[in-house]
There are 2 protein chains.
Amino acid sequence: MKRSLGHIEYKDDTETLAKFAKALGHPTRIAILKHLESQSCCFTGDLVDVFPLAQSTISQHLKELKNAGLIQGELKPPKIKYCINQENWNIAKSLFQDFFK
Amino acid sequence: MKRSLGHIEYKDDTETLAKFAKALGHPTRIAILKHLESQSCCFTGDLVDVFPLAQSTISQHLKELKNAGLIQGELKPPKIKYCINQENWNIAKSLFQDFFK
DNA sequence: CAAGCCCATCGTAATTTTACGATAATAAAT
DNA sequence: ATTTATTATCGTAAAATTACGATGGGCTTG
C-alpha cells in the first residue's frame, strides 16, 4: 500500500467496531463462533474434526479471534479449551446494536 | 492461497453474515456508513471532502459497500447519490442480532 | 461541438490474508 | 528421560486488500 498519511484517526468506537467486524469477516470464523456458542466451549481438535481445514489453518483462525478479543483459551493440558470472551462479546454486541440503530 | 478443497460449503446465513462483516471490516467503511446514516444520503464528493483519502480510494470503498449490498447509488447527474440499502441493511441487522443472540 | 464537472476504472505497488505442510513447544504419562 | 497427545508457530505461496495517480466516460453547460 502507498500510504501518504500513515494513520487516519477515527473515533475509538469506529476502530473497535471495524476490528470486530474484520474478525467476523470470514465464514470459517463465523462458523467457529457459532459452534462455540452452541457448545459453550470446545477444544481445537474438535474444530479440526468439524471443518475440512488443516489444523494449522484452524489454529490461525482461532488466533485471529483471540487477537480480536472475541474468544479466550484456557489451558487444559494437553488440550486448550476455547470459550467466548463474554466481556468483549457484549461490547461487540452493543457496538453492532448501536451501529444498526 | 493453496486451496486443496476449492470451496467449503457453509450455511447461507453464515456466508451472508461473513460477507456483511467483511464489508464492515474497515474503519473507513464504518465511518462512511455512519455518515450515510446521519445524512440519510450523500454524494461521493462529500466523502472525499470528509476523509483524507484519494477520490479513487473512496470510490473503491463505496464499490465494496455496494457489492456487499449495504448501499446503493442513484444517478443524479453529474453526481451520484449514495444511500443505505434499507432492505439489505435490515437483513444484516437481523443476522447480527441473531448471531449475538 | 467543446469544456468542465464528477465519478468509476485501470494500472501499479505494498501489505495483509488465507491456506498448506513441517516443525517446535508443552505438559502428562510411561 | 523418553514418548505421546495436542496445539502453536514457522516457512511458504497464492490471492485479496488497500492505497495512489492517471485516465476515461457520462452528462450539463457554454
Side-chain angles (χ1 to χ4, degrees), chain A residues 1-10 14-15 18-32 35-36 41-68 71-83, chain B residues 1-10 14-15 18-32 36 41-68 70-83:
Chain A
M1 285 183 260
K2 268 177 290 183
R3 280 211 177 84
S4 56
L5 300 139
H7 268 236
I8 299 178
E9 282 302 325
Y10 293 98
T14 299
E15 297 270 10
K19 188 191 69 179
F20 285 133
K22 190 175 184 182
L24 299 178
H26 194 286
T28 296
R29 291 196 289 272
I30 295 285
I32 287 174
H35 196 80
L36 278 179
C41 281
C42 76
F43 302 103
T44 307
D46 301 344
L47 299 168
V48 175
D49 292 340
V50 171
F51 298 100
L53 290 167
Q55 178 265 322
S56 57
T57 302
I58 298 288
S59 203
Q60 222 171 334
H61 281 304
L62 289 170
K63 188 182 179 182
E64 290 203 40
L65 291 171
K66 202 169 54 180
N67 286 344
I71 65 172
Q72 59 197 1
E74 187 190 345
L75 234 64
K76 289 275 186 183
K79 300 186 176 186
I80 296 177
K81 193 173 71 170
Y82 281 104
C83 310
Chain B
M1 287 183 260
K2 267 176 290 182
R3 280 211 177 84
S4 57
L5 300 138
H7 268 236
I8 300 176
E9 282 303 323
Y10 293 98
T14 299
E15 297 269 10
K19 188 191 67 179
F20 285 134
K22 190 175 183 183
L24 298 178
H26 193 288
T28 297
R29 291 197 288 271
I30 295 284
I32 287 173
L36 279 178
C41 281
C42 77
F43 301 104
T44 307
D46 302 343
L47 299 168
V48 175
D49 293 340
V50 171
F51 298 100
L53 291 168
Q55 179 265 320
S56 57
T57 303
I58 299 289
S59 203
Q60 223 172 332
H61 281 304
L62 289 171
K63 188 182 179 183
E64 291 204 41
L65 290 172
K66 203 169 53 179
N67 286 344
L70 290 170
I71 65 172
Q72 57 197 3
E74 187 189 344
L75 235 65
K76 289 275 185 182
K79 300 185 176 186
I80 296 177
K81 193 173 72 171
Y82 280 105
C83 310

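Numbers restart at 1 for each chain; the letters A, B, ... are given by sequence-line order, proteins then strands.
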Legend entry - D46(B) (side chain) donor-acceptor with F43(B) (main chain) under 3.5 angstrom: yes
Within this structure, what is the [atom1]-to-[atom2] distance between [X] and [N], rounded to whole angstrom?
X      : N       : atom1 : atom2 : result
H61(A) : dC20(C) : NE2   : P     : 8 Å
L62(B) : dT18(D) : CG    : C1'   : 14 Å
Q55(B) : dC6(C)  : CD    : C1'   : 8 Å
I8(B)  : dA19(C) : CD1   : C1'   : 10 Å
Y82(B) : dA8(C)  : OH    : C1'   : 8 Å
I80(B) : dG26(D) : CD1   : P     : 12 Å
R29(A) : dT18(C) : CZ    : C1'   : 9 Å
K81(B) : dC7(C)  : NZ    : P     : 13 Å

OP1, OP2 of [N] versus side-chain N and O of [X]: anything below 4.0 Å?
X      : N       : value
K63(B) : dC7(C)  : no
T57(A) : dA19(C) : no
H26(B) : dA19(D) : yes
K22(A) : dT16(C) : no

Inset, instruction - Decide side-chain contact (heavy atoms from CB on, under 4.5 Å) for L47(A) and L62(A); before the verdict, give the C-alpha distance in whole Å, the side-chain angles of both, and the deciding distance to 0.1 Å. - result: CA-CA 10 Å; L47(A) 299 168; L62(A) 289 170; 3.8 Å; yes
Legend entry - Atom pair NE2 (H61(A)) and OG (S56(A)), whose distance is rounded to the nearest 0.5 Å: 10.0 Å
Inset, instruction - Go through residues 41-49 of chain B and report each residue with a non-hydrogen atom lying under 4.0 Å from DNA chain D, sorted by number. - result: none
Inset, instruction - Please assess L36(B) against C42(B) for the test side-chain contact (heavy atoms from CB on, under 4.5 Å), listing each intermediate value before the final yes or no. - result: CA-CA 6 Å; L36(B) 279 178; C42(B) 77; 3.6 Å; yes
Legend entry - Along DNA chain C (nearest heavy atom to each residue), the more 5'-positioned of E64(A) and L75(A): E64(A)
Inset, instruction - Measure across L53(A) and Y10(B) and return the closest heavy-atom pair with its distance rounded to 0.1 Å. - result: CD1-OH, 4.4 Å
Legend entry - Nearest-neighbour nucleotide for the P78(B) side chain, dC5(C), dC20(D), dT9(D) considered: dC5(C)
Inset, instruction - Not counting sequence neighbours, which residues clear side-chain contact (heavy atoms from CB on, under 4.5 Å) with E9(B)? List them please. - result: none
Legend entry - Residues forming a salt bridge (Lys or Arg N to Asp or Glu O under 4.0 Å) with K66(B), sequence neighbours excluded: none
